[in-house]
Every structure is written in structure tokens, then in C-alpha cells.
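Scroll down for the structure; my scribbles are underneath it.
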Amino acid sequence: MNFWLFKSEVSTWSWDQQVARGDAGEEWDGVRNYQARNHMRSMKLGDLGFFYHSQKEKEIVGIVEVIAESHPDSTTDDDRWDCVDIKAVRSLPKPVTLAMCKENPRLADMVLVNNTRLSVQPVTEDEWQIVLELAGDTD
DNA sequence: GCCAACGTTGGC
DNA sequence: GCCAACGTTGGC
């Protein structure tokens, strides 16, 4: 089981839209960055990820699950670009802001904090647990 | 709205 | 294969 983080601008694709898709999920298309694509290629069914709103909100708002492994991105004919499908699992009780991540010494190495431009990122298991704690998601 | 960081493109 | 120019992302 691996953990990830998916970044999206609210105006492009929001958490509300993702939730509205239900178990059908949605293709995480439109990624045109090799690093992000490579992360998606290494995802497995059942992997979990955070859903992060960039720009205005700058906070992790929910948890998603990979429901289809890497396949060609249907929004382009360019065969360089693949993507996965994800579905919303649940919203976080309290969103975890970028500022909170930056303040927490244990999250100092989180990709979110250090590489602001990468739209699909790996998250370590430790980081995953810490963020869940910050979110009050103590399941 | 600005700008830093970073990725990509294309000329040589 | 290098590197300058350019475009985009995203935090501030």
C-alpha cells in the first residue's frame, strides 16, 4: 500500500465534484508532467491519496482511493500521457492547511512543502498518519 | 499581481 | 547535448 497526494485547483476540479462522482470516480486526466505521470504509473489498485486544493484554499480536504491503474489519458492523443482513476473515500473532519504542514517539524520533508509545483506526489506512511492526526481523522 | 521555482522547447 | 528563452504553477 502506498500513499499519494493529488493537487487540484478548485476552479478546475474540486473536491465537491470528486465527491459527487461517488464510487464511479473520475479519471485524473490533464497531467502533462513526467514526474507526476511516473507517480501515477506506479500506483496500485487500492492505494490511498490526499486531495489537495491549491492556490486559494491551500489545504488537504479529503481522501481518495485509486480505482483504476495507469491507462492512456483520454483527453489527449499523445501517448506519452497516462493517468489513473480515483474516487472520493471521505472528507477530512478538519482540512489540513499548507501552513500547518509547514509548521510541523515532522512534515519538513513532505513533498508538498518542498516542491510546490508537483501536482501528483508520493506521501510517506509517517506523513500520512501525521496529516490524519492533524485532520482529527482518528479512525 | 508579482515573482520564484521549475519544466519544456528549440536553436546551435 | 548544452543552454537560453519561454511558459506555467502556485505561494505569498
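Every chain is numbered from 1 and lettered A, B, ... according to where its sequence line falls, protein lines coming before strand lines.
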Completion exercise
When rounded to whole Å, the CZ to C1' distance for the pair A/Arg117 and B/dG7 reads 6 Å
Exercise for the section: Could you tell me if the ring centre of A/Trp13 sits under 6.0 Å from that of A/Phe6? Expected result: no
Exercise for the section: Would you sort out whether A/Asp73 and A/Arg80 count as a salt bridge (Lys or Arg N to Asp or Glu O under 4.0 Å), showing the intermediate values? Expected result: CA-CA 9 Å; A/Asp73 183 332; A/Arg80 287 178 302 170; over 6 Å; no
Handout entry: A/Gln121 CD - C/dT9 P separation (whole Å)
Key = 15 Å
Practice task
From the options B/dG7, B/dC6, C/dG10, select the nucleotide whose nearest atom is closest to the side chain of A/Asn33.
Solution key: B/dG7
Practice task
State whether A/Tyr52 places a side-chain N or O below 4.0 Å from either non-bridging phosphate oxygen (OP1 or OP2) of C/dG11.
Solution key: yes
Exercise for the section: Describe the nucleic acid contact of A/Leu98 in one word from base, sugar-phosphate, nothing, applying a heavy-atom distance below 4.0 Å. Expected result: sugar-phosphate
Practice task
Could you tell me whether A/Lys56 contacts a base, only the sugar-phosphate backbone, or nothing, with contacts defined as non-hydrogen atoms closer than 4.0 Å?
Solution key: nothing
Exercise for the section: Report the distance from atom NZ of A/Lys7 to atom C1' of C/dT8, rounded to the nearest whole Å. Expected result: 13 Å
Problem - Atom-to-atom span, CG of A/Asn115 to P of B/dA5 - whole angstrom - result: 12 Å
Handout entry: Matching residue for A/Phe50 among A/Trp4, A/Trp128, A/Trp15 - test: ring-ring contact (aromatic ring centres under 6.0 Å, His included)
Key = A/Trp128
Problem - Atom-to-atom span, CG of A/Leu5 to P of C/dT9 - whole angstrom - result: 17 Å
Practice task
Indicate whether the side chain of A/Ser74 and that of A/Glu27 have a donor and an acceptor atom separated by less than 3.5 Å.
Solution key: yes
Practice task
Mind calculating the distance between CD (A/Gln55) and C1' (C/dT9) to the nearest angstrom?
Solution key: 7 Å
Problem - Lys/Arg-Asp/Glu bridge criterion (N-O < 4.0 Å) met for A/Arg37, A/Asp82 - result: no
Practice task
Consider the side chain of A/Lys102, meaning its heavy atoms from C-beta on, and name the nucleotide among B/dT9, C/dT9, C/dG11 that approaches it most closely.
Solution key: C/dG11
Practice task
Could you state the atom-to-atom distance from CG of A/Leu118 to P of B/dA5 in whole Å?
Solution key: 17 Å
Practice task
May I ask you to say what A/Gln35 touches in the nucleic acid, namely base, sugar-phosphate or nothing, with a heavy-atom cut-off under 4.0 Å?
Solution key: sugar-phosphate
Problem - Closest listed nucleotide, where the reference is the side chain of A/Ser54 and the choices are B/dC6, C/dG10, B/dT8 - result: C/dG10
Practice task
Could you check how far CG of A/Leu112 sits from C1' of B/dC6, rounded to whole Å?
Solution key: 16 Å
